Engineer: 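Okay, here's the structure, questions in a sec.
A, B, ... follow the sequence lines: proteins, then strands. Residue 1 opens every chain. Note that the structure is predicted; figures quoted are calculated from it, not measured.
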Amino acid sequence: MPELPEVEVARRSVADRIAGGLILAVHMGKPLRWPLQTDPQGLVGRQVVSVGRRGKYLLFHLDEGVLLVHLGMSGSIRFAEGLPPAGVHDHFTLVTTHGLLRLHDPRRFGAVVFAPGLDKPPATTLLSRLGVEPLSADFDEASFVNAVRGKQAPIKQVLLAGALVVGVGNIYACEVLFLAGIHPATRADKVARYRLCTLHGAIKSVLAAAVAAGGTTLRDFSDANGDAGHFQTHAKVYGREGLACTVCGTPIKRMVQGQRSSYFCPNCQRG
DNA sequence: AGATGTCCCTGGAAGC
DNA sequence: TGCTTCCAGGGACATC
């Protein structure tokens, strides 16, 4: 499923080609997570100026307004050559002078939302409560450590909530907690400072490495040109319940937090 | 207000 | 072999 690195890879794979393109037509498939909130035909004639990203949202900046695209857990965008008929899971198609871009999303957790501007609803509703970008200079160690220690929820859920730092999904959350030696159920304000410093570094390095490698292809991820990622996440804990910890040999355990599986090594992750 | 629970959806895997 | 059940996940929203 696309987490931040995959969304960033998707962004890079479409940005250069789509920029400057005029929207010729818009086709909608089955409804996605939230309504577009505008007449799709109103997008026709607008120009795509650039493609940005905030958290896991792709931002298609138009000459007037912005199109927010979320890939959910099974979404991918891809340029289609020619004018092939939409498949059953192609729920949004942008026909432009610079190519035909499709959003393919079998589970429809994705979203396409139009906003008149980034500083206007519904963009503000979706983006305002997002935390810091983990790959930006704003993600500094001291601020992160202090913010985490102001929370009482389990550390895993603080990471997933995205209010402090965005883009850390379930898989990367499990992995970075393992690297930092932190048990996922530990209350955020009870985690030792030195472990949070390690966690901060792990978030930065793991996400950056994943972006550099073209994302992780755990579940059929590919970029807009159909190229798969090369970040072979030999996950150290995720999905490895019952298997030996790569560090100490203890069987990896699984627990459920907030309806989601957390994988951890009961020996390596204590604090 | 902060923490926790619920729900949306469907393909693939596992179980009978 | 063919059915049914379970599971995965991001994040808005409801509830405590």
Engineer: So if I take every side-chain heavy atom of A:Phe109 and compare against C:dG10, C:dA12, C:dA8, which nucleotide ends up nearest?
Structural biologist: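 Nearest listed nucleotide: C:dG10.
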Engineer: Using whole Å, what does the distance between atom P of nucleotide B:dG2 and atom CG of A:Leu164 come to?
Structural biologist: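 Checked: the CG to P distance equals 11 Å.
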Engineer: Quick test of your reading: applying salt bridge (Lys or Arg N to Asp or Glu O under 4.0 Å), list the pairs with at least one residue in residues 145-159 of chain A, sequence neighbours left out, ordered by first then second residue.
Structural biologist: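 Found none.
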Engineer: Among B:dT10, C:dG10, B:dA3, which nucleotide sits nearest the side chain of A:Lys30?
Structural biologist: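 For the A:Lys30 side chain, the nearest candidate turns out to be B:dT10.
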Engineer: Hey, which sits more toward the 5' end of DNA chain C by its nearest nucleotide, A:Asn170 or A:Leu126?
Structural biologist: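 That would be A:Asn170.
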Engineer: To the nearest angstrom, how far is A:Met255 atom CE from B:dT4 atom P?
Structural biologist: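 Roughly 12 Å, once rounded to whole Å.
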Engineer: Nearest to the A:Trp34 side chain among B:dA3, C:dA12, C:dA8, which nucleotide is it?
Structural biologist: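 Looking only at side-chain atoms, A:Trp34 lies closest to C:dA12.
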Engineer: Take atom CG of A:Leu68 and atom P of C:dG10, then tell me their distance rounded to the nearest Å.
Structural biologist: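 Nearest whole value for this atom pair: 18 Å.
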Engineer: Please tell me if A:His89 has a side-chain N or O lying less than 4.0 Å from either OP1 or OP2 of B:dG11.
Structural biologist: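 Yes, because at least one side-chain N or O of A:His89 sits under 4.0 Å from OP1 or OP2 of B:dG11.
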Engineer: What nucleic acid atoms does A:Gly169 come within less than 4.0 Å of, heavy atoms only: base, sugar-phosphate, or nothing?
Structural biologist: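 Sugar-phosphate contact only.
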Engineer: Starting at CD1 of A:Ile203, measure out to OH of A:Tyr172 and round the result to the nearest 0.5 Å.
Structural biologist: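 Spacing of CD1 (A:Ile203) from OH (A:Tyr172) equals 13.0 Å.
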Engineer: Separation of A:Glu241 atom CD from C:dC6 atom C1', in whole Å?
Structural biologist: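 The distance from CD of A:Glu241 to C1' of C:dC6 comes to 14 Å, rounded to the nearest Å.
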Engineer: Expressed in angstrom and rounded to an integer, what is the separation of A:Tyr57 atom OH from C:dG10 atom P?
Structural biologist: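 The distance from OH of A:Tyr57 to P of C:dG10 comes to 12 Å, rounded to the nearest Å.
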Engineer: Rounded to whole Å, how long is the line connecting atom CG of A:Leu130 with atom C1' of C:dG11?
Structural biologist: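 That distance rounds to 10 Å.
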Engineer: When all nucleic acid strands are considered with a 4.0 Å heavy-atom cut-off, which category describes A:Gln152: base, sugar-phosphate, or nothing?
Structural biologist: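 If one applies the 4.0 Å heavy-atom cut-off, A:Gln152 turns out to touch the sugar-phosphate alone, with no base involved.
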Engineer: Would you tell me if any nitrogen or oxygen in the side chain of A:Arg108 comes within less than 4.0 Å of OP1 or OP2 on B:dT10?
Structural biologist: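 Answer is yes, contact under 4.0 Å.
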Engineer: Are the side chains of A:Leu196 and A:Ile155 in touch, meaning some heavy atoms are under 4.5 Å apart?
Structural biologist: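 Contact flag for A:Leu196/A:Ile155 side chains = yes.
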Engineer: Tell me what A:Thr125 touches on the nucleic acid: a base, only sugar-phosphate, or nothing, going by heavy atoms under 4.0 Å.
Structural biologist: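 Here A:Thr125 touches no strand at all.
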Engineer: Do the side chain of A:Arg33 and the base of C:dA12 come within less than 3.5 angstrom through a donor-acceptor pair of N or O atoms?
Structural biologist: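 Side chain to base: no pair below 3.5 Å.
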Engineer: Using the side-chain heavy atoms of A:Arg107, tell me which of these nucleotides is nearest: C:dG10, B:dT4, B:dC9.
Structural biologist: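 Minimum distance to the A:Arg107 side chain belongs to B:dC9.
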Engineer: Contact class for A:Arg260 vs. all strands (heavy atom < 4.0 Å): base, sugar-phosphate, or nothing?
Structural biologist: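 Base, at least one base atom sits under 4.0 Å.
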Engineer: C:dA8 C1' sits how many Å from A:Arg240 CZ, rounded?
Structural biologist: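 So the CZ-C1' distance, A:Arg240 to C:dA8, works out to 19 Å.
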Engineer: Return the CG to CD distance between A:Leu22 and A:Gln47, rounded to the nearest 0.5 Å.
Structural biologist: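 Between A:Leu22 CG and A:Gln47 CD, I get 5.5 Å after rounding to 0.5 Å.
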Engineer: Hey, which sits more toward the 5' end of DNA chain B by its nearest nucleotide, A:Lys151 or A:Gln259?
Structural biologist: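 In this pair, the answer is A:Lys151.
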Engineer: Output yes when at least one side-chain N/O atom of A:Ser74 is less than 4.0 Å from OP1 or OP2 of B:dC9, else no.
Structural biologist: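 Negative; the distance criterion is not met.
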Engineer: Verify the contact: side-chain N or O of A:His70 to OP1 or OP2 of C:dG11, cut-off strictly under 4.0 Å; return yes or no.
Structural biologist: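 For C:dG11, OP1 or OP2 has a side-chain N or O of A:His70 closer than 4.0 Å.
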Engineer: Compare the minimum distances between each of B:dC8, C:dA8, B:dT4 and the side chain of A:Met73, then state the nucleotide with the smallest one.
Structural biologist: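 Given the options B:dC8, C:dA8, B:dT4, the side chain of A:Met73 is closest to C:dA8.
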Engineer: Would you indicate what A:Pro31 reaches in the nucleic acid, counting non-hydrogen atoms under 4.0 angstrom: base, sugar-phosphate, or nothing?
Structural biologist: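 Touches nothing.
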Engineer: Give the intermediate values and the outcome of salt bridge (charged side-chain N to carboxylate O under 4.0 Å, His left out) for residues A:Arg53 and A:Glu133.
Structural biologist: CA-CA 10 Å; A:Arg53 179 187 60 75; A:Glu133 285 290 330; 2.9 Å; yes
Engineer: To the nearest Å, how far apart are A:Leu71 CG and B:dC9 P?
Structural biologist: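 Distance check: A:Leu71 CG to B:dC9 P gives 19 Å.
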Engineer: Just by distance, no angles: are the side chains of A:Asp105 and A:His91 close enough, under 3.5 Å, to form a donor-acceptor pair?
Structural biologist: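 Their side chains do not contain a donor-acceptor pair, so the 3.5 Å distance test is not met.
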